Amino acid sequence: MTDTNTLNKQASANAPINDTRKAELLSKQVKHIDITSFDARPIVDAMADMSFTSRDLGRATKIYNEMLADKDCTVVLVIAGSTSAGGCMDLYAELVRNNMVDVIVATGATIVDMDFFEGLGHKHYQALEIPDDDTLRSLYIDRIYDTYIDEEALQNVDHTIFEIAETLEPKAYSSRAFIREMGKYLVEHGKKDNSLVKLAYEHDVPIFCPAFVDSSAGFGLVKHQVDRAKEGKPYLLLDAIADFRELTEIKIQAGTTGLLMIGGGVPKNFIQDTVVCAEILGHDDVEVHKYAVQITVADVRDGACSSSTLQEAASWGKVNTGIEQMVFAEAGSVMPLLASDAYHRGHWRERVKRGWAKLFA
């Protein structure tokens, strides 16, 4: 027997969208912070002389600056969570633009649903109010905490991924190779210069998404495969093993590496595992990651990878315990300080550009 609440939800889903109400809720765009517009060095220096999370942030920022100053260090930016939607999108783009990161490992949501989404001209919005989520569903508005996304715009991302797949040779691609095609697409058709995906393509910074189809890309790629299969035509595949092999090859070639990790989950474990994978491939002299910083709000008591400390990673032979720092804070509140400090200290000006994407050209 169907209850009244279910019937109401069904009726709401089938009702026409109230465009006026939707426009009201999507009226205030999220503005992405510009780390070049302010100098965070004085406040980070002051926080380093405090205690608790302030002190941790001061040390984490110092370690990131050490990565940039180390002429042998390849810097890997690792992103999980929704900081890109929340206002850090231009921050990450600025790190690529100014040669402050050399490799990116991220969730599909970060790369596709957030950055590529805005690269196509769409926006994220501040929730001025949070009505019932069934109401949001009836208006085709998706919610990330206090941030809104227009579902109809997100479906444009699904379709664009499908269009890109349709133009490519039907073979196996690593996520890096497919994301590079996305960057190429934005160069030709994009509507935002400050896109991480676009800038990474232009600066030969490879992006890996070990769970790539767990995003809007998944919908477009499934449609590509289903449509091609119905027509009896070959279709492209994503090769997760190639992801691991390629990222491990970068680790082997790079030698000294530093990790700047926002959140945790699969991207965190994926990059850390490259040390072990290199050893299995016979590179017994591979270095553990020399530097490591992680910003997270995950609770260390839950036993998950997101919350596991960098000290714990040392027991697996992945990270150096001497130059690491955990910062237990919401990344959107501390990354602007860390990144602005590093930008204005300027070690990036002396760095050699790695161009690791050329390794797979």
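Here the structure is a predicted model, which means the values were calculated and not measured.
- Between the side chains of H159 and Q155, no donor-acceptor pair of N or O atoms lies under 3.5 Å.
- A donor-acceptor pair is defined here as one N or O able to donate and one able to accept, closer than 3.5 Å; such a pair exists between the side chain of D102 and the backbone of V75.
- A heavy-atom distance below 4.5 Å is found between the side chains of V112 and V157.
- Remark: K358 is not positioned above the aromatic ring of F360, lacking an NZ or CZ atom under 6.0 angstrom from the ring centre and at most 45 degrees off the axis.
- Hydrophobic cluster membership differs between I111 and F162, with clusters built from Ile, Leu, Val, Met, Phe, Trp and Tyr side chains linked at under 4.5 angstrom.
- For F244, the ring pair (Phe, Tyr, Trp, His ring centres under 6.0 Å) test picks out F270, with sequence neighbours left out.
- Under a cut-off of 6.0 angstrom, the local environment of CZ in R351 is crowded, with over 12 non-hydrogen atoms contributed by other residues, nucleotides or ligands.
- A donor-acceptor pair is defined here as one N or O able to donate and one able to accept, closer than 3.5 Å; no such pair exists between the side chain of Y140 and the backbone of L136.
- Panel note: side chain K251, backbone E287; a donor-acceptor pair is recorded below 3.5 Å.
- Tracing side-chain contacts under 4.5 Å through hydrophobic residues (I, L, V, M, F, W, Y), one never reaches V213 starting from F219; they form parts of separate clusters.
- If you chain together hydrophobic residues whose side chains sit under 4.5 Å apart, L77 and M100 fall into the same group.
- Applying the salt bridge (charged side-chain N to carboxylate O under 4.0 Å, His left out) criterion to E350, with sequence neighbours excluded, gives no partner residue.
- Side-chain contact check for N98 and E94: at least one donor-acceptor pair (N or O, by modelled atom type) lies under 3.5 Å.
- Aromatic rings of F117 and H124 (six-membered ring for Trp) have centroids within the 6.0 Å cut-off, being under it.
- Under the 6.0 Å distance and 45° angle rule, R143 does not count as a cation-pi partner of Y145.
- With hydrogens and angles disregarded, no donor-acceptor distance shorter than 3.5 Å links the side chain of R21 to the backbone of D19.
- In the model, T110 has a side-chain atom that pairs as donor or acceptor with a side-chain atom of T107 under 3.5 Å.
- Other residues, nucleotides and ligands place more than 12 heavy atoms under 6.0 Å from the CG atom of D204.
- Applying the 4.5 Å side-chain rule to ILVMFWY residues, one finds V187 in the same cluster as Y201.
- Under a cut-off of 6.0 angstrom, the local environment of CD1 in I43 is sparse, with at most 12 non-hydrogen atoms contributed by other residues, nucleotides or ligands.
- The salt bridge (charged side-chain N to carboxylate O under 4.0 Å, His left out) check on D90 picks up K192, with sequence neighbours excluded.
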Stepwise side-chain contact (heavy atoms from CB on, under 4.5 Å) check, T160 with F116
CA-CA 10 Å; T160 303; F116 188 69; 3.9 Å; yes
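- At a threshold of 4.0 Å, the pair E202-R180 does not count as salt-bridged, since none of the basic side-chain nitrogens sits closer than that to a carboxylate oxygen.
- In this structure a side-chain-to-backbone donor-acceptor pair under 3.5 Å is missing from H122 to N156.
- A donor-acceptor pair shorter than 3.5 Å can be found between the side chains of E166 and H224.
- A salt bridge does not link D115 with K198: every distance from a Lys NZ or Arg NE/NH1/NH2 to an Asp or Glu carboxylate oxygen is 4.0 Å or more.
- From M326, atom CE reaches atom OG1 of T296 across 6.0 Å, with rounding to the nearest 0.5 Å.
- Scanning all heavy atoms of the two residues, the minimum distance from L25 to L139 falls at CD1-CD1, 3.6 Å.
- Side-chain contact of D341 with Y64: a donor-acceptor pair under 3.5 Å is absent, judged by distance alone.
- Residue P206 comes nearest to A357 through the heavy atom pair CD-N, 3.6 Å, listed as atom of the first residue, atom of the second, then distance.
- Formation of a donor-acceptor pair under 3.5 Å by the R59 side chain with backbone atoms of S54 is not found in this model.
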CA sep, side-chain torsions, deciding dist, call: K62, E66, salt bridge (charged side-chain N to carboxylate O under 4.0 Å, His left out)
CA-CA 6 Å; K62 179 176 180 291; E66 288 177 7; 2.6 Å; yes
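- Linking Ile, Leu, Val, Met, Phe, Trp and Tyr residues whenever their side-chain heavy atoms come within less than 4.5 Å places L154 and I179 in a single cluster.
- Under a 3.5 Å cut-off, the side chain of R354 and the backbone N or O of C73 do form a donor-acceptor pair.
- Under the 3.5 Å distance criterion, with hydrogens and angles disregarded, no donor-acceptor pair is assigned to the side chains of Q126 and D146.
- Screening residues 79-89 for side-chain hydrogen bond (donor to acceptor under 3.5 Å, both in side chains) gives T83-Y92 as the qualifying pairs, with residues at least two apart or on separate chains.
- Using a 3.5 Å distance cut-off with no hydrogens or angles, the side chains of D239 and S174 do not pair a donor with an acceptor.
- For R41 (side chain) and H344 (main-chain N/O), a donor-acceptor pair under 3.5 Å exists by modelled atom type.
- V226 forms part of a hydrophobic cluster together with V222, judged by ILVMFWY side-chain heavy-atom separations under 4.5 Å.
- Taking a cutoff of 4.0 Å between a charged side-chain nitrogen and a carboxylate oxygen, K233 and D227 do not qualify as a salt bridge.
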Go through it in stages, so that I can follow the logic: the residues are D39 and R345, the test is salt bridge (charged side-chain N to carboxylate O under 4.0 Å, His left out), and I'd like the CA-CA distance, side-chain angles, deciding distance and then a yes or no.
CA-CA 9 Å; D39 187 348; R345 290 195 196 275; over 6 Å; no
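- Under a hydrophobic clustering in which Ile, Leu, Val, Met, Phe, Trp and Tyr are joined whenever their side-chain heavy atoms come within less than 4.5 Å, directly or via other members, W348 and V293 fall into the same cluster.
- With salt bridges taken as basic N to acidic carboxylate O contacts below 4.0 Å, one links D150 and K22.
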